[in-house]
Structure formats: C-alpha cells, structure tokens
Number of protein chains: 2
Amino acid sequence: MARTGRPREFDRDRAIEAATALFWAQGYEPTSLTQLKASMGNISPASFYAAFGSKEALFREVVQHYLATYGQVMAPLWDESLSPREAIERTLRGSARMQSARAHPAGCLVVSGASNCSPENEPVQTLLAAERQRTRAGIRACVERAIAIGELKASAATDILPDILTIFFHGMTCEARDGMTSKKLDAAITSLLTLWDVNAVKPGAGKRSQKR
Amino acid sequence: MARTGRPREFDRDRAIEAATALFWAQGYEPTSLTQLKASMGNISPASFYAAFGSKEALFREVVQHYLATYGQVMAPLWDESLSPREAIERTLRGSARMQSARAHPAGCLVVSGASNCSPENEPVQTLLAAERQRTRAGIRACVERAIAIGELKASAATDILPDILTIFFHGMTCEARDGMTSKKLDAAITSLLTLWDVNAVKPGAGKRSQKR
DNA sequence: AGACTTCCATATTAATTGGTCCAGAAATTA
DNA sequence: TAATTTCTGGACCAATTAATATGGAAGTCT
C-alpha cells in the first residue's frame with residue numbers, strides 16, 4: 001500500500017507469524033512488547049507502533065491470521081457440499097492433527113490465547129469467546145442439518161450431541177498442550193464418532209436403536 | 001500455632017479463600033499482589049509476605065486448598081469401593097455441577113489456573129500439569145480396573161476410552177467458563193457414558209456388541 | 001534535483017509489577 | 001510489670017509494563 005517514503009525494513013508478514021507463535025505459546029497478557037519486538041528482529045518501539053498500532057491491535061491481526069490459516073481446519077463445518085458427518089469428522093481430525101503438530105505451539109489459539117486475563121483486557125477475552133461461539137454454532141448447524149436431511153434421528157441424544165462434540169473439541173486443546181499425540185487424539189475421535197453413528201437413521205456398521 | 005506475640009488481624013483462611021476466587025477467575029499471572037491484598041481486606045505487603053511468603057507460595061497453598069475442597073468432586077476416582085463406572089460417573093457429574101456453580105468462578109482451577117504463563121513462571125504451570133496428569137492416571141486406572149474385574153471388554157475402544165473421558169473432562173472447563181449450564185453438561189455426560197456402556201460385558205440397558 | 005513521506009534509533013514517559021525494610025503498636029508469657 | 005514475640009502501616013526498591021516524543025536517515029515521486 002505504501003507507495004512513497006522509506007520502505008519498512010522488516011517483513012510485516014513474518015512479524016505477524018512470529019507474533020502468532022508467541023501469543024499461541026504464552027497467551028495474550030504474558031507476551032510482552034519486548035518479546036514481540038525481539039521476535040520481529042529487534043525492531044524499535046516506534047517501528048512496532050507505526051506498523052501495528054498497539055499490542056491489542058496486533059493481537060486482533062494475529063487472530064485473523066490464525067483463523068485464515070491454521071484455523072481453516074474448521075472450514076468443513078460450513079461446507080454444505082459435505083455430508084454433516086463428514087464435515088464434523090474432517091473438522092475434528094484436522095484440528096487434532098493441527099493442534100498436535102510440532103511446527104508450532106500446541107492447542108488452539110482461540111481456546112487458550114486469552115484464558116488468563118485481567119479485567120482490563122476483557123475485550124480480548126471477548127474476541128476469542130465470540131469465535132468459540134461461532135464454532136459452537138457451526139457444530140450445532142451440522143447436527144441440525146443432519147437431522148433435517150434425515151441422516152440423524154431427532155432425539156434427546158441428538159439434542160445434546162452438539163454440546164458433546166463441542167466439549168470434546170475444546171478439550172483437545174488441553175490434551176494437546178499436555179502432550180497427547182496426534183495418533184491418540186485421532187483414535188479418540190474415531191471412538192467418539194460412534195456417538196453419531198448410533199443415532200444415524202441408517203447405521204453404516206452397527207444397526208441398532210440404542211437407548212439408555 | 002503462633003502462641004505468643006500479637007495475633008494476626010485478618011483471617012488467614014478467609015484470605016486463602018479470597019485468593020482462590022481471584023486466581024480461579026483470572027489465573028496466576030494476571031492476578032496482582034494489589035488485588036490479592038485488597039481481597040484480603042487491604043492488608044499491607046508486610047502482612048502478606050509474613051503470612052504467605054510469596055505470590056507463588058500463596059498460589060501453591062491455594063491449589064492445595066482447592067484440591068481439598070472443590071477438587072474433592074474427583075475423589076470417587078480413587079474410591080475402590082465404587083464400581084469403576086460409578087466412580088467415573090460421579091466424578092464427571094460432580095465436576096459438571098461444581099464447575100458451573102455460581103457461588104464461585106466457573107471451570108476448573110487446575111485446568112485454567114495457569115494456562116497463560118511466561119517462561120519465568122513455568123514452575124507454576126508444571127504444578128498444575130502434574131495435577132492434571134494425576135487425573136488422567138485416575139481415569140485410566142478406573143477403566144483398567146473395569147477391564148480387570150470384567151465390567152468392560154478389552155478392545156481398541158476401551159484402550160482409547162480413558163483418553164476420551166479425559167478430553168471430555170478437561171473440555172468441560174472451557175464450556176463452563178463460556179456459560180454452559182450444569183443441566184447441559186449433565187445431559188452431555190449421560191450421552192457420553194453410552195461409550196462406556198456399549199463396551200460393557202453385561203450391558204445394563206442396551207445389550208449389543210457394538211463395533212464400527 | 002528537490003520536495004515529500006515514512007522509516008528507525010534513542011531516550012523517556014508514567015504506571016505497575018512483585019518484593020523488602022523499618023519503626024512502632026499490640027498481644028502473650030513470665 | 002517487664003520481656004518477648006509478632007503483627008501492622010507506610011515508605012521504598014529495582015525492574016518491567018505498554019506507549020510516546022524527538023531527530024535524523026533513507027527512501028519515492030514529480
């Protein structure tokens with residue numbers, strides 16, 4: 001965008017990426033300006049503020065960047081060309097692999113990026129909470145679509161199914177950060193999805209109207 | 001214990017309780033000495049350090065206090081007089097009710113108490129991580145006991161069952177903090193436990209050898 | 001060229017962080 | 001009462017927090 005004037009000496013995109021790694025690993029508040037500037041090649045405060053405005057503004061950019069890249073593992077949730085079950089399964093498996101990958105910090109930035117916050121940074125907390133709400137809505141929409149198109153039966157079990165999936169989804173962050181492997185997460189997903197299948201209208205493998 | 005000398009003017013137990021609420025709501029790092037002292041009745045720094053030693057020492061006491069009170073919802077895990085399923089169910093339902101109660105901050109202190117931490121406070125993070133590991137071990141022991149005494153079949157599904165339960169258990173913290181009601185959490189648990197029942201040797205309600 | 005724009009380095013801001021120290025007050029024990 | 005013990009209030013500490021101000025260097029465009 002900047003046409004005239006002295007060009008910036010550091011790479012803004014790389015700087016965002018570095019900031020993402022820091023916020024992801026430590027969270028919003030514990031990550032200091034000093035760390036951020038250092039991760040961007042020891043740029044000066046003036047350069048930092050000229051480029052990003054403030055710590056909070058940078059964080060919002062980081063979240064956008066995260067959602068546009070790593071966070072795309074959840075895109076299947078809103079892809080209506082997929083069957084609802086396929087959408088859920090791809091989201092879960094994709095997230096599991098992403099969250100436990102070693103190329104970046106573990107877990108999900110949206111879940112753990114601002115979980116410890118003092119009152120003055122409540123806006124940051126709210127930002128991520130809204131994003132989690134969007135995830136919940138996406139999961140719920142998938143289940144409702146499955147019921148609407150006759151893939152799932154409407155029942156008490158399918159009423160609560162979105163919540164179970166969401167709890168599990170958000171729980172993966174804690175486990176991934178504590179070191180659970182991608183393999184184990186994936187196996188857990190396989191097993192969890194039987195909760196979908198037992199409520200399917202035409203069960204693929206185990207036909208049965210399960211009720212407890 | 002202090003027999004002679006001027007007695008402390010503030011109630012140490014109430015102070016711990018107040019500190020617990022603060023750490024629980026905000027986490028370790030964002031909670032400042034100023035807030036802590038204020039919550040204890042505006043005591044002086046001298047009184048604070050005489051009574052607790054340091055912020056970190058206080059946090060360790062708070063964690064102990066938490067485990068000895070609120071955390072007792074997990075006691076069934078290590079109560080071998082209960083059937084393994086009963087132990088798991090009581091732990092999950094007790095935690096769900098506790099974590100979503102309105103008398104104190106939502107979620108679990110062990111999960112979210114130090115999730116955002118700068119490198120210098122790694123010991124605090126490690127403390128909670130060890131506690132979560134204890135939980136995992138407890139859940140795993142329950143499932144293994146169930147297999148040993150013939151309540152559950154040994155299979156791939158039961159191999160991964162402890163991990164599913166743990167992911168779900170830790171996921172409740174995120175949901176509770178985001179406002180999920182006790183009722184919904186409880187319903188989710190009911191549904192989740194069908195993953196146990198379909199692997200039971202003598203199913204209580206739905207007899208079937210489910211496999212996918 | 002020369003005007004203009006934007007950058008960066010250094011110094012500095014006020015506020016807050018966790019933590020220490022000392023003098024004096026208040027209670028207990030002998 | 002006297003000696004002892006332990007608390008409290010307030011001043012104070014160095015370090016760090018996010019953020020600004022200034023002045024000059026380094027580019028771009030006409």
message: In whole Å, I'd like the distance from the CZ atom of B:R12 to the P atom of D:dT8.
response: 12 Å
task: Name every residue in residues 49-66 of chain B that has at least one heavy atom under 4.0 Å from any atom of DNA chain D, in order of residue number, or write none if there are no such residues.
output: none
Taking only distance into account, with no hydrogens and no angle test, what donor-acceptor pairs under 3.5 Å do side-chain atoms of residues 45-55 of chain A form with protein atoms, sequence neighbours excluded?
from  : atom 1 : to    : atom 2 : distance (Å)
A:S47 : OG     : A:S44 : OG     : 2.9
A:S54 : OG     : A:E56 : N      : 3.4
A:S54 : OG     : A:A57 : N      : 3.1
A:K55 : NZ     : A:Y28 : O      : 3.2
A:K55 : NZ     : A:E29 : O      : 3.3
A:K55 : NZ     : A:T31 : O      : 2.8

query: Does anything in residues 26-46 of chain A reach DNA chain C, meaning a heavy atom under 4.0 Å, and if so which residues?
result: A:S44, A:P45, A:A46
- request: Given side chain to side chain contact (heavy atoms under 4.5 Å, CB included), test B:L109 with B:Y70 step by step and report yes or no.
  value: CA-CA 9 Å; B:L109 175 69; B:Y70 308 99; over 6 Å; no
field: Exercise: identify the closest heavy-atom pair between B:A114 and B:L128
entry: N-CD1, 3.5 Å
- request: State plainly whether the residues B:R90 and B:D79 are in salt-bridge range, i.e. N to O under 4.0 Å.
  value: no
task: Using the side-chain hydrogen bond (donor to acceptor under 3.5 Å, both in side chains) rule, take A:Q35 and A:S39 through it: C-alpha gap first, then chi angles, then the decisive distance, then the call.
output: CA-CA 6 Å; A:Q35 284 181 308; A:S39 78; over 6 Å; no
Approximate separation, where rounding is to 0.5 Å, of B:D186 CG and B:S95 OG: 11.5 Å
task: Using atom CZ of A:F48 as one end and atom P of D:dT17 as the other, report the distance to the nearest whole Å.
output: 13 Å
message: Nearest whole Å is fine: how far is D:dA25 C1' from A:R8 CZ?
response: 17 Å
query: Can you tell me if the side-chain N/O atoms of A:S47 get under 4.0 Å from OP1 or OP2 in C:dC7?
result: no
message: Could you tell me if B:T126 and B:E122 have a donor-acceptor pair between their side chains, going purely by distance under 3.5 Å?
response: yes
query: Using rotation axes that map the C1' atoms of four end pairs onto the next four (five pairs an end), what angle separates the end axes of the helix from C:dA1-D:dT30 to C:dA30-D:dT1, to 10°?
result: 10°
- request: Specify the separation, in whole Å, of atom CD of B:E9 and atom C1' of D:dT6.
  value: 11 Å
message: Could you tell me how far apart B:D11 (CG) and D:dC7 (C1') are, to the nearest whole angstrom?
response: 15 Å
- prompt: Over how many whole Å does the gap from A:F10 atom CZ to C:dC8 atom C1' extend?
  reply: 10 Å
statement: What one should report as the nearest heavy-atom pair of A:L127 and A:R60 is CD1-NH1, 3.7 Å
task: Measure the acute angle between the ring planes of B:H104 and B:W24, then classify it against the limits of 30° and 60° as parallel, tilted or perpendicular.
output: parallel
field: NZ/NE/NH1/NH2 to OD/OE distance under 4.0 Å, A:E175 and A:K184
entry: no
Distance under 6.0 Å and angle within 45° of ring axis: A:R8 vs A:F10: yes
query: Could you walk me through whether B:M180 and B:S100 pass the side chain to side chain contact (heavy atoms under 4.5 Å, CB included) check?
result: CA-CA 7 Å; B:M180 188 175 286; B:S100 56; over 6 Å; no
Atom pair CG/CH2 of A:L92 and A:W196 - distance to nearest 0.5 Å: 10.0 Å
Write out a two-atom table: protein N or O, nucleotide N or O from nucleotides 1-5 of chain C, distance below 3.5 Å.
from  : atom 1 : to   : atom 2 : distance (Å)
C:dT5 : O3'    : A:T4 : OG1    : 3.3

message: Salt bridge check, B:R134 against B:E131: does any charged N sit closer than 4.0 Å to a carboxylate O?
response: yes
message: So that I can tick it off, tell me whether B:D178 and A:R136 are bridged by a salt bridge, with the cut-off set at under 4.0 angstrom between side-chain N and carboxylate O.
response: yes
message: Assess, by modelled atom type and distance only, whether the side chains of A:T166 and A:R140 contain a donor and an acceptor separated by less than 3.5 Å.
response: no
Strand-adjacent residues in residues 119-130 of chain A, judged by heavy atoms under 4.0 Å from DNA chain C: none
